[in-house]
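First comes the structure, then the notes that go with it.
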Amino acid sequence: MTPLHAGVLQIEPTDHCNLACAMCAPHADRWPTVHGVPKGYLSPALYRRVLNGLVTDDLRFDHVILQWLGDPSLHPQMEWMVGEASRVLRGRAGYVRFDSNAILLTPQRMDRLLQEVDAEMPLTCVFTLDAVTEATYRQTKGKDGLDRARRHVRHLLARRRALPNPDHVRVQVQFVVQPSNAHEARDFLDYWTQTFACTGGGAGHGEILFKPLSVGGGAAGQAASDALYRRTLQSAGIEARSGDHLSVSIWEDRPWQRDDAHATRGPCPGLWYTPVVRQDGHLVMCCADLKSELDLGSLAEHSFRALWEGARARNERKKHREGTFDGVCASCGGINWYTLAPDAARIG
């Protein structure tokens, strides 16, 4: 079995989104379908089957993320889905995480979210906000919504203070550096540093993360994006730091990139460490495979283990070990937040 205990499972509640972020081609360019199948919502019954199947197969993950190509807050049962994952996968994942723009996560929904989460399973809430002013937000995200999103996150921080263990719920706000918003990076840092201190009251852990814009997973143009990222952090005086209640993080890993003529590409960790369950229950080998070229089959019909260890998956890993990168992998730079251990690469 490939060493999934070191990897991350993503489950997609929906591939619908209420924004049109410039950095997200499927929604910015309004693709009629995201994965080559009709857009939709993961049904509760199929979701239960997927989670219970992971237990039956005795699988473990570093953590589980409820999100892929859409915003999970559009799913009417998102709060229950987060809670169900935390209950069923307790002891099988280090924590449950969801990523959202927070626009639809009203105070009432934030309260339900905190009520649903299992007391023994940590929760990480990630909010990608990318701006300080509404004008920059609109240009970067394609629509309005910054004020609502910030109000909802502030409510979560305030409610977290009343929890028996505020550290049980971690909150991260993200700023993806792009040409449209780079000038606001320092103001973003200052705003959220103050917000975590005042609204959060020093209870629980907060994180402010600055990331470079990913260009096709390391495709041509990534070097320019990386250069903008470095210039922005340097000019804004942004450096990584850690504290008891607030950390500032910067993204340092880089994938193999087409712009790097000297780079030698090895097997991509994604085929070993980043399985994704699509909103229709299909298992896809890699989170960078937006159009699902590496679709292994339906979890409504097969077990996770049967698909993940099946002939198709083994063949794709074999090609990577041999230095063959075709299909979606040909233009991708690879999943760069993991390092594929030599013993893992031999498994396939």
Side-chain angles (χ1 to χ4, degrees), residues 1-10 12 23-26 34-36 61-63 65 68-69 174 176-178 209-231 233 249-278 282-297 307-348:
M1 179 67 182
T2 56
L4 284 170
H5 60 275
V8 173
L9 172 66
Q10 286 185 237
E12 180 179 63
M23 65 181 177
C24 180
V34 175
H35 304 296
F61 303 90
D62 181 81
H63 61 282
I65 301 175
W68 188 15
L69 266 282
Q174 290 189 1
V176 180
V177 176
Q178 305 160 63
L209 174 63
F210 291 89
K211 297 174 62 176
L213 178 66
S214 175
V215 181
Q222 185 67 54
S225 175
D226 291 344
L228 172 64
Y229 178 68
R230 291 191 298 269
R231 291 197 306 271
L233 296 187
S249 301
I250 60 176
W251 194 269
E252 297 178 338
D253 295 321
R254 297 175 71 244
W256 176 90
Q257 295 177 185
R258 294 173 65 86
D259 288 341
D260 295 339
H262 64 280
T264 300
R265 184 176 185 184
C268 175
L271 300 192
W272 280 261
Y273 293 139
T274 65
V276 187
V277 178
R278 206 168 61 192
H282 277 238
L283 179 63
V284 181
M285 285 193 80
C286 179
C287 62
D289 179 15
L290 307 190
K291 295 184 179 181
S292 300
E293 291 183 25
L294 302 177
D295 178 359
L296 298 178
L307 295 176
W308 195 247
E309 297 180 347
R312 171 78 193 282
R314 294 198 309 271
N315 184 59
E316 294 298 333
R317 297 186 190 109
K318 180 175 181 289
K319 287 192 293 184
H320 272 229
R321 290 196 302 269
E322 296 172 346
T324 299
F325 305 96
D326 55 14
V328 65
C329 300
S331 60
C332 179
I335 303 303
N336 63 325
W337 50 92
Y338 291 106
T339 299
L340 185 61
D343 59 336
R346 290 193 293 269
I347 303 172

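Note that these values count all heavy atoms, side chains included, but never hydrogens, waters or copies made by symmetry. Computed from a prediction, not measured in an experiment: that's the story for all the values here.
Smallest separation of non-hydrogen atoms from Gly270 and Cys286: CA-SG, 4.3 Å. Residues Ala330 and Arg265 share a closest heavy-atom pair of O-NH1, 4.1 Å. In terms of heavy atoms, Val176 sits closest to Gln178 at O-NE2, 3.0 Å. The minimum heavy-atom distance linking Arg312 with Glu293 is given by the pair NH2-O, 2.9 Å. Contact record, Arg314 with Glu309: NH1-O, 2.6 Å, taken as the closest heavy-atom pair.
Annotation: the span from Ser249 atom OG to Gln174 atom CD amounts to 10.0 Å, rounded to 0.5 Å. Here His320 contributes atom NE2 and Asn315 contributes atom CG; the two are 10.5 Å apart, rounded to the nearest 0.5 Å. Atoms CZ and OG, from Phe325 and Ser331 in turn, are 12.5 Å apart once rounded to the nearest 0.5 Å. To the nearest 0.5 Å, atom NZ of residue Lys211 and atom CD of residue Glu252 are 14.0 Å apart. The SG atom of Cys329 sits 7.5 Å away from atom CG of Asp289, with the distance rounded to the nearest 0.5 Å.
Put simply, the side chain of Leu9 reaches to within 4.5 Å of the side chain of Pro275, judged on heavy atoms. Within the 4.5 Å cutoff, the side chain of Gln10 has no heavy atoms near those of the Val277 side chain. Counting only heavy atoms from C-beta outward, the side chains of Leu233 and Phe210 approach each other to under 4.5 Å. Between Met285 and Arg317, the closest side-chain pair of non-hydrogen atoms falls below 4.5 Å. Two residues are said to be in side-chain contact when any heavy atoms from C-beta on lie closer than 4.5 Å; Asp62 and Tyr273 fail this criterion. The shortest distance between side-chain heavy atoms of Trp68 and Cys287 falls below 4.5 Å. Residues Val284 and Leu296 are not in side-chain contact: their nearest non-hydrogen atoms beyond the backbone lie 4.5 Å or more apart. Taking the side chain as every heavy atom from C-beta outward, Leu283 and Trp308 approach each other to under 4.5 Å.
Asp295 is linked by a salt bridge (charged side-chain N to carboxylate O under 4.0 Å, His left out) to Arg278, counting only residues two or more places apart in sequence or in another chain. Remark: Lys319 engages Glu316, Asp326 in a salt bridge (charged side-chain N to carboxylate O under 4.0 Å, His left out) (not counting sequence neighbours).
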* Give the C-alpha distance, both sets of side-chain angles, the deciding distance and a yes or no for side chain to side chain contact (heavy atoms under 4.5 Å, CB included) between Val34 and Leu290. => CA-CA 7 Å; Val34 175; Leu290 307 190; 5.5 Å; no
